[in-house]
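Worth knowing before you read on, the calculation uses all heavy atoms, side chains too, and leaves out hydrogens, waters and symmetry mates. These numbers come from a predicted model, not from an experiment. When a residue number appears, it is its place in the shown sequence, counting from 1.
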Amino acid sequence: MDGHRPLPEDVVIDILLRLPVESLLRFKCVRKHWCALIKSPSFIEKYFHHKNNCARLLVCNLKVAREVHPIVKSVAFSLLPKETVPGVTPEQKILLQLPRITHFTCVAGPVDGLFLVQKKFYGDDVCLGLWNLATKEFRTLPPVPFEIEGFFTNHDHQFGLGFDLLTLDYKVVWIRVFWDMPGQGANNRVYACVYSSCNNSWKHLTPEFPPSSTLYAPLDATYLNRVYYWLCRGLDDIYTIRSFDMGSEQFGKIQVPDIPSEHCGTLTLHGGLLAMLTGDPGKPMTSIYNAWVMKQEGNWSKFLTIQPHIDAHWPLNISDNDKMVFEITKTSQLVLYDPTTRRVTDLGFQLDLFIAGCWVFNYKESLVPIKRGNETQGEDNAVEQI
């Protein structure tokens with residue numbers, strides 16, 4: 001302040017854009033004008049894309065207390081610093097820790113800082129929710145109206161989360177593949193529904209891909225320009241990419257890079273483009289990975305080849321600066337591998353891989369609201385409801 005003269009509006013906005021979400025939520029109580037500004041769609045968009053709000057690695061570590069019956073799980077969301085020193089275990093900032101939680105998993109996200117989380121995996125009482133980790137807002141989704149014949153058995157399912165730019169609507173798509181066991185696979189079925197956050201309701205879709213194929217969850221949310229992508233593998237071991245347009249609510253198909261059939265593949269985003277990581281994971285010291293980006297539909301370019309000299313492992317993600325995160329299967333460690341220096345950094349997590357799980361996300365804080373106007377839910381422990 002200069003005497004009693006207020007700071008120019010553009011200076012105030014520039015200062016607010018550099019603050020963490022936690023501070024902005026408190027500052028909403030300072031002045032009505034600030035509250036309106038921080039809640040405005042234009043500020044929310046500017047904040048998410050601001051240079052200070054760069055992507056950082058977020059680790060969701062799920063553990064099991066085996067000595068407790070029934071089995072109890074705990075989950076912690078830990079944020080790593082923007083920069084890591086090679087060979088030095090980085091300091092973790094725990095954003096949320098839930099000591100007792102059951103059947104919890106992150107199934108899609110983050111998209112604009114939002115996650116889709118799930119309780120239970122199968123059955124009629126599966127519960128889904130949208131969650132903003134930074135603001136602690138949470139919305140439970142209504143039950144999904146799947147109508148499935150009793151003789152079908154659940155084979156596979158995948159989720160997608162994205163934004164319809166035309167209707168300004170966050171949407172969730174759920175795909176479920178069922179096998180006809182009595183008919184020995186002669187009448188397999190694929191079901192799909194899409195949820196609209198504006199309408200708070202689901203509607204049925206007609207998927208257009210073979211029920212004998214298997215969909216694979218991506219390393220990170222593969223939502224890009226209103227389209228969500230999954231890697232698909234048929235019984236012939238041939239990979240394709242299946243897509244869903246959040247605007248038209250239509251499914252599509254894209255070709256993958258030319259890769260050997262014996263290689264594994266997984267999707268992610270890299271540098272604002274759809275990316276595919278291929279290779280022969282798990283081999284101590286000798287696994288080779290190729291990373292591809294799709295610059296135009298079906299047009300792939302290889303931008304990186306990595307041969308990490310580490311013990312038996314499994315890839316969990318790749319960052320925009322080309323560093324890769326691996327889980328070391330023998331020691332249950334989480335490590336960061338820098339292909340430029342070939343240095344391995346222990347990230348300081350002890351994983352519980354066999355019964356629980358671990359997810360690594362490229363995460364940016366967000367102010368995106370997910371509650372409707374008449375909702376009051378959103379306390380810090382709201383995610384425990386799922």
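- For the salt bridge (charged side-chain N to carboxylate O under 4.0 Å, His left out) test, residues two or more places apart in sequence or in another chain that qualify with R18 are D14.
- Side chains of H263 and N290: a donor-acceptor N/O pair is absent below 3.5 angstrom, by distance only.
- Ring orientation note: the planes of F244 and F251 are tilted relative to one another, at an angle of 30° to 60°.
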Give every donor-acceptor pair under 3.5 Å between a side-chain atom in residues 30-37 and any protein atom, sequence neighbours left out.
{"residue": "H33", "atom": "NE2", "partner": "E9", "partner atom": "OE1", "Å": "3.2"}
{"residue": "H33", "atom": "NE2", "partner": "E9", "partner atom": "OE2", "Å": "3.0"}

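- Put simply, the side chain of L58 does not reach to within 4.5 Å of the side chain of S78, judged on heavy atoms.
- Proximity of the aromatic rings of H157 and F159 is defined here by a centroid distance below 6.0 angstrom, and this criterion is met.
- With sequence neighbours excluded, no residue forms a side chain to side chain donor-acceptor pair (under 3.5 Å) with R342.
- Taking the six-membered ring wherever Trp is involved, the centroid distance between the rings of F163 and Y170 falls below 6.0 Å.
- In this structure, Y337 has its ring center at least 6.0 angstrom away from the ring center of H313.
- The ring of F115 has its center closer than 6.0 angstrom to the ring center of F361.
- A search for side chain to side chain contact (heavy atoms under 4.5 Å, CB included) contacts involving K295 returns L273, V293, S301, not counting sequence neighbours.
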* To do: For side-chain hydrogen bond (donor to acceptor under 3.5 Å, both in side chains), just list the numbers for D320 and N362, CA-CA rounded to whole Å, side-chain angles, deciding distance to a tenth of an Å, and then say yes or no.
  => CA-CA 9 Å; D320 280 345; N362 288 293; 5.8 Å; no
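- Scored by the salt bridge (charged side-chain N to carboxylate O under 4.0 Å, His left out) test, D237 finds R233 as partners (sequence neighbours excluded).
- Using a 4.5 Å cut-off between side-chain heavy atoms of Ile, Leu, Val, Met, Phe, Trp and Tyr, L274 falls into a hydrophobic cluster with Y216, L224, V227, Y229, L231, Y239, I241, I254, V256, I259, L267, L269, M276, W292, M294, W300.
- In this structure, K171 is not positioned above the aromatic face of Y195 in the sense of NZ or CZ being under 6.0 Å from the six-membered ring centre and within 45° of the axis.
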